[in-house]
Amino acid sequence: MKLSGYATKINTLRTTAIVGIKDESPTVKTYTLQDDLCSKAKPGQFLMLWIPGIDEIPLSILNGGNGQVQFSVKAVGDATRHLHDMQIGDLLGVRGPFGNSFTETRGRVLLVGGGTGTAPLLFLAKRLAAKIDRLSFVVGAKTRKELVFLEELDAMCTDESAIATTEDGSYGLHCLATEPLESLLDKQKFNMIYACGPERMVRKIFDIAEKRKLPMEASLERLMRCGIGLCGSCMIGKYRVCKDGPVFKMAQLSEIKNELGISKLGFDGSRIDI
Amino acid sequence: MKLSGYATKINTLRTTAIVGIKDESPTVKTYTLQDDLCSKAKPGQFLMLWIPGIDEIPLSILNGGNGQVQFSVKAVGDATRHLHDMQIGDLLGVRGPFGNSFTETRGRVLLVGGGTGTAPLLFLAKRLAAKIDRLSFVVGAKTRKELVFLEELDAMCTDESAIATTEDGSYGLHCLATEPLESLLDKQKFNMIYACGPERMVRKIFDIAEKRKLPMEASLERLMRCGIGLCGSCMIGKYRVCKDGPVFKMAQLSEIKNELGISKLGFDGSRIDI
Amino acid sequence: MSNSLLTVNIAGMNLGSPTALASGILGYTAESLRLVAEGGAGAVVTKSVGVAPRPGYPNPTVVQADSGLINAVGLPNPGIDFYVEELTYAKSLLPVPLIVSVFGYTAEEYALVSKKAVEAGADAVELNVSCPHVKYTGSEIGQNPKLLTDVVCKVKAAVQKPVIVKLSPNVTDITELAKAAENAGADALTVINTVRAVAINVETQRAVLSNIRGGLSGPAIKPIALRCVYDVFEAVKLPIFGCGGITDWRDAVEFFLAGASAVQVGTAVGSEDPTVFQAINRGVASYLKRKAYGSVNEIVGLCHQD
Amino acid sequence: MSNSLLTVNIAGMNLGSPTALASGILGYTAESLRLVAEGGAGAVVTKSVGVAPRPGYPNPTVVQADSGLINAVGLPNPGIDFYVEELTYAKSLLPVPLIVSVFGYTAEEYALVSKKAVEAGADAVELNVSCPHVKYTGSEIGQNPKLLTDVVCKVKAAVQKPVIVKLSPNVTDITELAKAAENAGADALTVINTVRAVAINVETQRAVLSNIRGGLSGPAIKPIALRCVYDVFEAVKLPIFGCGGITDWRDAVEFFLAGASAVQVGTAVGSEDPTVFQAINRGVASYLKRKAYGSVNEIVGLCHQD
Ligand SMILES: Cc1cc2nc3c(=O)[nH]c(=O)nc-3n(C[C@H](O)[C@H](O)[C@H](O)COP(=O)(O)OP(=O)(O)OC[C@H]3O[C@@H](n4cnc5c(N)ncnc54)[C@H](O)[C@@H]3O)c2cc1C
Ligand SMILES: Cc1cc2nc3c(=O)[nH]c(=O)nc-3n(C[C@H](O)[C@H](O)[C@H](O)COP(=O)(O)OP(=O)(O)OC[C@H]3O[C@@H](n4cnc5c(N)ncnc54)[C@H](O)[C@@H]3O)c2cc1C
Ligand SMILES: Cc1cc2nc3c(=O)[nH]c(=O)nc-3n(C[C@H](O)[C@H](O)[C@H](O)COP(=O)(O)O)c2cc1C
Ligand SMILES: Cc1cc2nc3c(=O)[nH]c(=O)nc-3n(C[C@H](O)[C@H](O)[C@H](O)COP(=O)(O)O)c2cc1C
Ligand code: FES
Ligand code: FES
């Protein structure tokens with residue numbers, strides 16, 4: 001038996017019925033599936049979700065435990081809209097969990113999430129909560145309707161509540177999620193910044209962290225087909241986001257500076273702007 | 001992964017150099033190989049030995065431990081003669097161990113071996129020695145030169161030494177190994193008879209044991225190709241000698257009465273007399 | 001297990017369960033066939049038999065691969081004249097249909113052996129035109145639509161019982177052969193025989209099988225066999241015995257969905273034991289119940305629907 | 001690791017190690033190719049590229065089988081005109097030969113893409129005439145000696161660099177295609193591409209791949225690939241890249257013994273990581289030393305000796 005049993009097992013497609021659906025916002029829903037392997041995922045890992053007859057897409061894991069796994073999905077196109085139309089009891093296929101995870105740190109941590117990119121950070125925050133001194137959250141979205149997990153985020157934060165920003169000012173600060181950062185970092189010392197969200201947001205945070213010489217970890221998204229480091233669809237620089245990532249550390253982010261927030265591979269392998 | 005890892009592993013061919021050769025008699029040699037899986041075999045189990053470019057044949061395991069396995073081979077035809085010509089350092093292929101093993105009993109046991117059929121019984125005797133009340137051995141061969149393991153057998157026996165018989169009277173009693181049995185059984189009570197050797201000898205012992213209502217286990221030989229219960233070459237009645245055997249209990253031997261010592265399948269699947 | 005759930009009729013034969021024993025697995029003796037029937041097989045296929053006795057190849061004849069076996073047993077068989085006795089006995093013992101696998105070097109030989117097999121009680125014959133490791137029989141015929149047509153026609157003319165053709169995956173287009181068999185009058189197809197393969201040992205620097213080339217079976221070939229069944233189902237109307245790498249109920253259901261009316265199990269009889277048929281049947285039955293089907297027939301070819 | 005032990009010359013190219021990256025594994029970007037070269041690959045083959053951009057098939061495009069993968073990625077590629085830039089960059093980065101995999105729908109397309117690839121710096125082209133899941137390219141050509149001859153001739157006329165033909169196992173007789181390629185002037189062969197396969201999911205009762213049919217790769221196909229290499233080695237004089245299921249040094253040595261001058265590794269890059277090449281090379285080198293060979297070339301085809 002050449003392929004290690006475990007690798008084969010996590011990559012084997014399991015079909016399982018939806019056991020829970022929760023509306024997080026008009027465009028985002030959280031799904032719960034029964035799946036042993038993914039229920040043991042660590043924050044930052046993702047799964048490949050098969051929507052039978054439609055598509056198979058990568059999704060970050062929002063939570064796992066007791067044989068169940070959750071993920072939140074924003075309806076943006078064909079696959080995600082089909083998913084939003086599905087009901088409890090409908091069958092989905094799942095393989096994974098794939099990829100690496102955030103490293104757990106101590107001390108003071110700052111989490112910056114954009115849109116559904118907040119999901120893996122919320123997962124991380126839950127694991128960190130008991131172990132760290134201070135946890136601050138900044139979350140951004142285009143508009144109030146897309147700001148998700150707000151209550152849960154508030155509950156995670158140490159002192160004041162999570163800082164929310166919207167691009168249209170419909171809730172919280174009227175700006176991008178990156179804007180409150182500089183003043184936050186001026187006021188307080190943080191041992192680690194964790195980021196996940198639109199890549200241009202991640203890039204801005206990276207630039208700030210680099211300037212201030214702060215450690216940072218970011219979870220990235222790329223087009224994914226195989227999810228197991230084989231097909232090359234998800235390359236960023238010399239890294240495969242599905243296997244070497246999706247979480248990258250400061251030094252790695254530096255190495256991929258000329259792509260981060262700038263360009264990615266399209267479905268046909270050509271380079272397209274972000 | 002469908003085939004259980006272990007089954008696949010034992011059936012995978014390992015090539016390994018001969019590390020020891022011992023002359024037991026002019027026609028029988030004992031070989032030692034390095035092989036982890038076979039070194040853990042139980043008495044009664046056999047291995048499939050590949051003599052590269054020549055043949056692959058079943059052989060009972062004589063001894064195992066410390067990563068090494070031993071078997072004794074009588075030169076009777078092409079494969080066994082080629083093997084006898086091989087030297088330390090030459091490569092052999094091995095898979096196994098296959099088949100079931102003798103059940104270990106307490107009390108008084110009688111072992112009856114014919115020719116190289118004595119090998120698995122000697123292995124068994126070593127395992128039983130410390131646990132039982134009495135161990136008696138009867139061994140037979142055509143002629144003195146083919147009587148093997150005599151010293152070791154003597155050392156295993158509880159009171160007197162092993163009873164040896166030869167068909168030509170060149171050593172021990174001048175008779176078949178089955179002949180001393182009746183008087184032995186008249187004199188003493190045994191809890192179990194273990195037998196291995198030419199099938200007509202086994203049959204005679206079976207008849208005696210049946211008549212006296214004594215429990216018995218016998219290891220049988222049949223033509224073997226796959227060794228894993230698939231090809232059907234080794235059928236005796238409804239049993240596959242390679243997988244359901246090679247050790248059969250009294251009740252099973254009864255079920256195959258009309259073949260035991262009488263007929264077997266040839267290489268072409270036709271039934272031939274024994 | 002509800003009987004009607006698992007009952008299938010294939011080429012006019014009634015099978016109590018849709019899992020049959022594949023040819024060459026046990027299958028020399030009547031008692032080994034009964035063992036398998038008692039293990040849950042809905043039908044049994046014998047070891048392939050020809051006109052004259054053959055001892056087969058010297059060992060090694062079976063070698064373990066990563067997820068399957070490679071075999072070149074070389075069609076050992078006692079010849080049909082000797083074998084009729086065993087067949088008659090088998091027929092008297094067996095509670096399930098007896099399918100005799102037949103091979104030959106000419107169409108006439110196939111016809112002759114088939115005729116004798118049917119006279120001895122065979123409920124059907126399966127033409128092995130796909131053995132990947134014996135020259136001039138097997139693949140040579142199963143890879144050539146013209147030769148195959150001739151063989152099937154002659155056998156059909158010789159026997160009144162169903163004629164099943166066992167196809168080789170070692171072809172450019174399996175549907176071409178399936179159509180040839182159908183047009184020649186075959187009653188069913190078995191898809192597939194083993195895939196031509198070689199095993200090499202690095203220490204001795206030799207091919208391991210005495211015949212060098214053999215046939216790969218077991219889980220390794222399941223995706224290939226499923227593809228063949230899928231393609232053949234779209235090409236012909238004949239019922240199909242799916243075969244290749246079936247180990248558990250899930251595998252069997254995959255073959256039904258791809259278009260097989262019944263399945264044959266080979267390698268798993270060794271890895272799992274003859275009761276593997278019962279285990280598969282139980283699993284298929286509970287799948288059917290869970291999905292509220294009344295019969296296994298209802299799921300045959302279902303994945304071709306859209 | 002002694003360099004000379006592992007150095008091979010194949011079709012005029014010098015490879016520092018006999019393990020190359022198979023086409024379609026990573027291989028879109030120059031940096032991914034460099035990653036693999038740093039992982040020990042002696043040469044790299046790019047993702048197959050054609051005349052026009054193709055997005056490939058929707059997901060699922062890769063599905064796990066028992067001992068391998070089934071893929072129908074559908075030849076996604078940006079088209080040669082866009083790709084030349086990446087190739088030029090790749091050529092500047094790579095310390096090993098750059099082989100560009102080419103596909104087309106006509107012989108003219110193969111020739112055109114090959115020409116542009118060579119102009120952009122390709123050290124050789126590999127003609128993918130064996131993709132099992134894209135219509136009218138791939139297998140249709142690789143299964144037809146006449147079409148194949150035409151393609152190879154036109155490409156040979158268009159480029160001065162070595163032309164490698166990648167053969168399909170999905171044929172009745174692979175040696176016929178190998179001979180056609182040889183006679184048409186090919187410089188080397190890659191044996192084999194994936195084996196046509198299907199994956200079916202029982203709960204949804206669907207074929208899993210969006211394209212339904214895909215190609216099986218990985219350990220499951222190793223015995224089939226070894227057989228193809230074994231047969232092709234006996235049929236033609238061309239050097240062979242062995243490919244199919246190679247995961248460790250032992251697999252690689254099996255291919256050398258069967259007749260491959262070098263090997264390509266695909267699926268194992270995912271299961272083992274890009275450093276799999278180093279691991280294989282190290283193992284091959286110590287095997288050669290242990291057996292007292294001076295070069296990997298000495299063991300090529302060795303198991304055909306008796
Ligand atoms: C590691 C990772 C984690 C993700 N986690 C989440 C999450 O938790 N919640 C969430 O809502 N979304 C997440 N996404 C994004 C999600 O995969 C896409 O929104 C989804 O694939 C869109 O599919 P669609 O058919 O609805 O849209 P389409 O109309 O097909 O595409 C819209 C956009 O989605 C992206 N996309 C489409 N297919 C893929 C694919 N196979 N791989 C990667 N991106 C694709 C492309 O950027 C595309 O332009 C994640 C992506 C990655 C790579
Ligand atoms: C379970 C089992 C355990 C055995 N243990 C021993 C042992 O410990 N020591 C020992 O010397 N011998 C043992 N044998 C017998 C041994 O396998 C044969 O002596 C050997 O195969 C002869 O091969 P050959 O080529 O030398 O002789 P050949 O001339 O080929 O054959 C001589 C006879 O050996 C038997 N034989 C040949 N090939 C096979 C085969 N593949 N399977 C079974 N029998 C075969 C046949 O009866 C044949 O007529 C055992 C056999 C079995 C089935
Ligand atoms: C040891 C062995 C012997 C076989 N002998 C025959 C045979 O005589 N005739 C035949 O048609 N098929 C023969 N086959 C092929 C099987 O019937 C079956 O088609 C193949 O093994 C694929 O099914 P599986 O994966 O379930 O084993 C043999 C297979 C094995 C493993
Ligand atoms: C995901 C994937 C994509 C592939 N894409 C191509 C391709 O574009 N062109 C090609 O010639 N072969 C392609 N192949 C086939 C491989 O190059 C190789 O021939 C095959 O996978 C067997 O080798 P392996 O078992 O080492 O993977 C692909 C294989 C895989 C798994
Ligand atoms: S998705 Fe295939 S390599 Fe990452
Ligand atoms: S040797 Fe094949 S079944 Fe026993």
Side-chain angles (χ1 to χ4, degrees), chain A residues 1-17 48-58 78-79 90-93 95 223-240 242-244 255-256 258-259 263-272, chain D residues 24-29 31-35 38 47 49 52-69 71 73 76-79 82-83 85-86 199 201-206 208 210 217-220 222 245-248 251 266-274:
Chain A
M1 304 272 144
K2 288 297 169 50
L3 300 175
S4 85
Y6 183 62
T8 304
K9 225 172 143 194
I10 64 166
N11 195 40
T12 296
L13 185 71
R14 288 90 65 181
T15 30
T16 177
M48 293 297 294
L49 187 77
W50 181 39
I51 300 130
I54 309 297
D55 203 347
E56 190 191 37
I57 60 171
D78 196 35
D90 286 349
L91 289 174
L92 289 170
R95 55 193 178 99
L223 175 62
M224 286 187 184
R225 287 192 172 97
C226 72
I228 54 171
L230 194 76
C231 72
S233 305
C234 67
M235 296 297 302
I236 182 166
K238 65 174 182 180
Y239 295 112
R240 298 166 296 175
C242 69
K243 197 157 177 178
D244 304 317
E255 290 175 305
I256 54 178
N258 54 348
E259 289 189 42
S263 72
K264 62 177 185 177
L265 296 182
F267 282 100
D268 62 5
S270 65
R271 192 164 293 285
I272 52 182
Chain D
I25 313 304
L26 305 175
Y28 288 101
T29 65
E31 282 191 90
S32 69
L33 294 170
R34 176 166 63 176
L35 173 69
E38 280 167 359
K47 179 84 197 147
V49 60
R54 270 178 68 94
Y57 299 130
N59 268 359
T61 48
V62 180
V63 52
Q64 181 73 49
D66 266 326
S67 194
L69 296 172
N71 90 81
V73 181
N77 82 98
F82 178 94
Y83 202 53
E85 195 183 322
E86 199 73 30
N201 176 270
V202 301
E203 296 305 333
T204 58
Q205 309 185 320
R206 291 175 171 279
V208 178
S210 72
S217 65
K222 190 188 73 173
I246 297 167
T247 308
D248 61 22
D251 298 329
T267 302
V269 175
S271 60
E272 310 285 311
D273 256 9

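A, B, ... follow the sequence lines: proteins, then strands. Residue 1 opens every chain. These values consider heavy atoms only, across backbone and side chains, with no hydrogens, waters or symmetry-generated copies.
- Once rounded to the nearest 0.5 Å, the distance linking OG1 of A/Thr15 with CD of D/Gln205 reads 10.5 Å.
- Interface check for chain A: of the options D/Thr61, D/Asn77, D/Val62, the most heavy-atom pairs under 4.5 Å are formed by D/Asn77.
- For the pair A/Tyr239 and D/Glu31, the minimum side-chain heavy-atom distance is 4.5 Å or more.
- Chain D forms the most heavy-atom pairs under 4.5 Å with one residue out of A/Ala17, A/Gly232, A/Gly93, A/Gly227, and that residue is A/Gly232.
- Only the side chain of A/Leu91 comes within contact range of chain D, judged by heavy atoms closer than 4.5 Å.
- Side chain of D/Asn59 to backbone of A/Met224: a donor-acceptor contact under 3.5 angstrom is found.
- Looking at every heavy atom in both residues, D/Pro55 comes nearest to A/Arg225 through O-NH2, 2.8 Å.
- A donor-acceptor distance shorter than 3.5 angstrom exists from the side chain of A/Lys243 to the backbone of D/Gly270, with no hydrogens or angles considered.
- For the side-chain contact (heavy atoms from CB on, under 4.5 Å) with D/Tyr28, the lone residue among A/Cys231, A/Ser270, A/Ser233 that qualifies is A/Ser233.
- At least one side-chain heavy atom of A/Asn11 sits under 4.5 Å from a side-chain heavy atom of D/Leu69.
- The shortest heavy-atom contact between A/Trp50 and D/Thr204 is CH2-OG1, 3.4 Å.
- For D/Val208, the parts sitting under 4.5 Å from any heavy atom of chain A are the backbone and the side chain alike.
- Only the side chain of A/Arg240 comes within less than 4.5 Å of a heavy atom of chain D; its backbone N, CA, C and O stay farther away.
- Heavy atoms closer than 4.5 Å to chain D are found nowhere in A/Thr16, neither backbone nor side chain.
- Under the 4.5 Å side-chain criterion, counting only non-hydrogen atoms from C-beta, A/Asp268 is not in contact with D/Phe82.
- Here the straight-line distance linking atom CZ of A/Arg271 with atom CD of D/Glu85 works out to 9.0 Å at 0.5 Å rounding.
- Contact of A/Leu265 with chain D is made through the side chain alone, with heavy-atom distances under 4.5 Å.
- Only the side chain of D/Leu35 has a heavy atom closer than 4.5 Å to any heavy atom of chain A.
- Here the CE-OG1 distance, from A/Met235 to D/Thr29, works out to 4.5 Å after rounding to the nearest 0.5 Å.
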